[in-house]
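Written below as structure tokens is the structure these notes are about.
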Amino acid sequence: NTSPHIPYIKKCLSLAEQSPPRPTNFRVGAVLLSRKDNDPTFKDDRILSTGYTMELAGNTHAEQCCFANYAAVHKVPDDQVGEVLPVEPGRKLIMYVTMEPCGKRLSGNVPCVQRITRTAEGGRQGINKVYFGVKEPGTFVGESEGCQMLTQAGIEWEHVGGLEREILTVAFAGHENAEKEVRVALGEKETNVDDI
Ligand SMILES: Nc1nc(=O)c(N)c(NC[C@H](O)[C@H](O)[C@H](O)COP(=O)(O)O)[nH]1
Ligand SMILES: [Zn+2]
């Protein structure tokens, strides 16, 4: 009996596989949906948008594309996506991502945690919870802060285990020594430096 979140993480993984491999980021997939409260089988879920890394022009992240795609359909600029996300009593906005949303980006672009928290501005419900399949590996920003930043913003998050190897293999595909980076990321705690 697998967790009911697994099919959504798998959907995000198939999105991530469409991302062009690059050594300078991770290939990630994201799904935004509306979920009815107290609906344990998720049968009333409504998919609102999807996105994957570099789906849209420029150095774009999966979560960023997911929001931008929704904003485009509703004819508002990306930074006003919060205005057009549905606010429905008895339903919550949920995001699934293969990887923990970024709290910092080497490029200096707006991190996805900030894009997520902004959806709750102006007294709107915004994103209620984020589910992800792996924590961000230390490759670019060291110890990831996405989760703490979500907590600080009052947004729940949960790691859905079970697909780490698949998610990391896709994420690292464009990197120089991808297999080694996956092994390190999987065993991050046990692997000591001189093994890398
Ligand atoms: N959650 C997440 N979704 C993505 O689509 C993606 N590419 C990353 N990647 C996180 C990583 O920390 C950044 O990719 C590097 O920090 C480089 O920063 P840029 O991507 O160039 O802004 N993380
Ligand atoms: Zn990001």
Side-chain angles (χ1 to χ4, degrees), residues 5 8-33 48-72 78-79 81-82 93-120 126-127 129-153 155-161 163-178 181-182 184-186 188:
H5 303 297
Y8 279 113
I9 299 291
K10 284 183 172 172
K11 166 94 184 123
C12 292
L13 190 56
S14 62
L15 287 158
E17 285 169 338
Q18 297 174 52
S19 173
R22 291 284 183 288
T24 49
N25 63 21
F26 296 120
R27 299 165 78 221
V28 177
V31 171
L32 176 65
L33 60 87
L48 299 172
S49 187
T50 64
Y52 58 83
T53 310
M54 295 185 75
E55 174 184 7
L56 300 176
N59 177 6
T60 53
H61 281 194
E63 305 91 316
Q64 175 181 359
C65 294
C66 190
F67 285 131
N69 287 331
Y70 190 84
D78 293 5
D79 60 0
V81 69
L93 292 175
I94 306 289
M95 182 167 252
Y96 282 88
V97 205
T98 50
M99 184 179 291
E100 171 192 17
C102 62
K104 188 169 68 136
R105 295 175 57 163
L106 290 187
S107 67
N109 291 344
V110 175
C112 299
V113 166
Q114 205 173 323
R115 298 170 193 274
I116 292 167
T117 56
R118 273 190 189 153
T119 61
I127 306 284
K129 185 163 184 176
V130 179
Y131 292 90
F132 56 85
V134 289
K135 293 274 291 166
E136 178 176 352
T139 314
F140 299 110
V141 297
E143 197 56 37
S144 64
E145 296 171 10
C147 293
Q148 291 105 297
M149 292 167 75
L150 286 170
T151 300
Q152 277 154 15
I155 294 171
E156 291 180 64
W157 53 268
E158 183 176 327
H159 170 228
V160 178
L163 291 164
E164 287 84 353
R165 183 177 299 280
E166 295 84 345
I167 290 168
L168 290 166
T169 301
V170 169
F172 278 116
H175 292 216
E176 192 64 25
N177 47 6
E181 286 195 65
V182 170
V184 168
L186 281 171
E188 210 132 46

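Counting starts at 1 for both ligands and their atoms, in listed order.
Note on His61: its N/O/S atom closest to the Zn ion (ligand 2) is ND1.
In terms of protein heavy-atom proximity, atom 19 (P) of ligand 1 is closest to Asn59 ND2, 3.4 Å. Protein heavy atom nearest atom 3 (N) of ligand 1, with residue, atom name and distance: Glu63 OE1, 3.0 Å. The shortest contact between atom 7 (N) of ligand 1 and any protein heavy atom is with Phe26 O, 3.1 Å. Nearest protein neighbour of atom 10 (C) of ligand 1, counting heavy atoms only, is Glu136 OE2, 3.3 Å. Shortest contact from atom 8 (C) of ligand 1 to any protein heavy atom: His61 CE1, 3.5 Å. The protein heavy atom nearest to atom 17 (C) of ligand 1 is Thr24 O, 3.5 Å.
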Next item on the list: Could you please spell out the steps behind the side-chain contact (heavy atoms from CB on, under 4.5 Å) verdict for Trp157 and Lys129?
Entry: CA-CA 5 Å; Trp157 53 268; Lys129 185 163 184 176; 5.7 Å; no
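Panel note: side chain Thr119, backbone Ile127; a donor-acceptor pair is recorded below 3.5 Å. Put simply, the side chain of His61 never gets that close to the backbone of Tyr52: no donor and acceptor are under 3.5 Å apart. Of the possible polar contacts, one joining the Glu100 side chain to the Cys147 backbone as a donor-acceptor pair under 3.5 Å is found.
The two atoms that bring Leu13 and Val170 nearest to each other are CD1-CG2, 3.8 Å, heavy atoms only. Summarising the geometry of Cys102 relative to Pro111, their closest heavy-atom pair is O-CB, 3.4 Å, with the distance given to 0.1 Å. Here the closest heavy-atom approach between residue Pro137 and residue Leu168 is recorded as CG-CD2, 3.7 Å.
In terms of N/O distances under 3.5 Å, ligand 1 is not approached by Val97. Residue Thr53 places at least one N or O, backbone or side chain, under 3.5 Å from an N or O of ligand 1. For the pair Asn109 and ligand 1, the shortest N or O to N or O distance does not fall below 3.5 Å. In terms of polar-atom proximity, Thr60 is not counted as a contact of ligand 1, lacking any N or O under 3.5 Å from an N or O of the ligand. Of the polar atoms of Ala62, at least one N or O is found under 3.5 Å from an N or O of ligand 1, judged by distance alone. Considering backbone and side-chain atoms alike, Leu106 places an N or O below 3.5 Å from some N or O of ligand 1.
Relative orientation of the Phe172 and Phe26 rings is perpendicular, given thresholds of 30° and 60° on the angle between their planes. Ring geometry, Tyr96 versus His5: the interplanar angle falls from 30° to 60°, so the pair is classed tilted.
Counting the atoms of ligand 1 from 1 in the order shown, those under 4.0 Å from a heavy atom of Val28 are 2 (C), 3 (N), 4 (C), 5 (O), 6 (C). Taking every heavy atom of Ser107 and a limit of under 4.0 angstrom, the matching atoms of ligand 1 come to 18 (O), 19 (P), 21 (O), 22 (O).
Annotation for Glu166: atom CD counts as buried by contact number, over 12 foreign heavy atoms lying within 6.0 Å.
Rounded to 10°, the angle formed at the Zn ion (ligand 2) by Cys102 SG and Cys112 SG is 110°.
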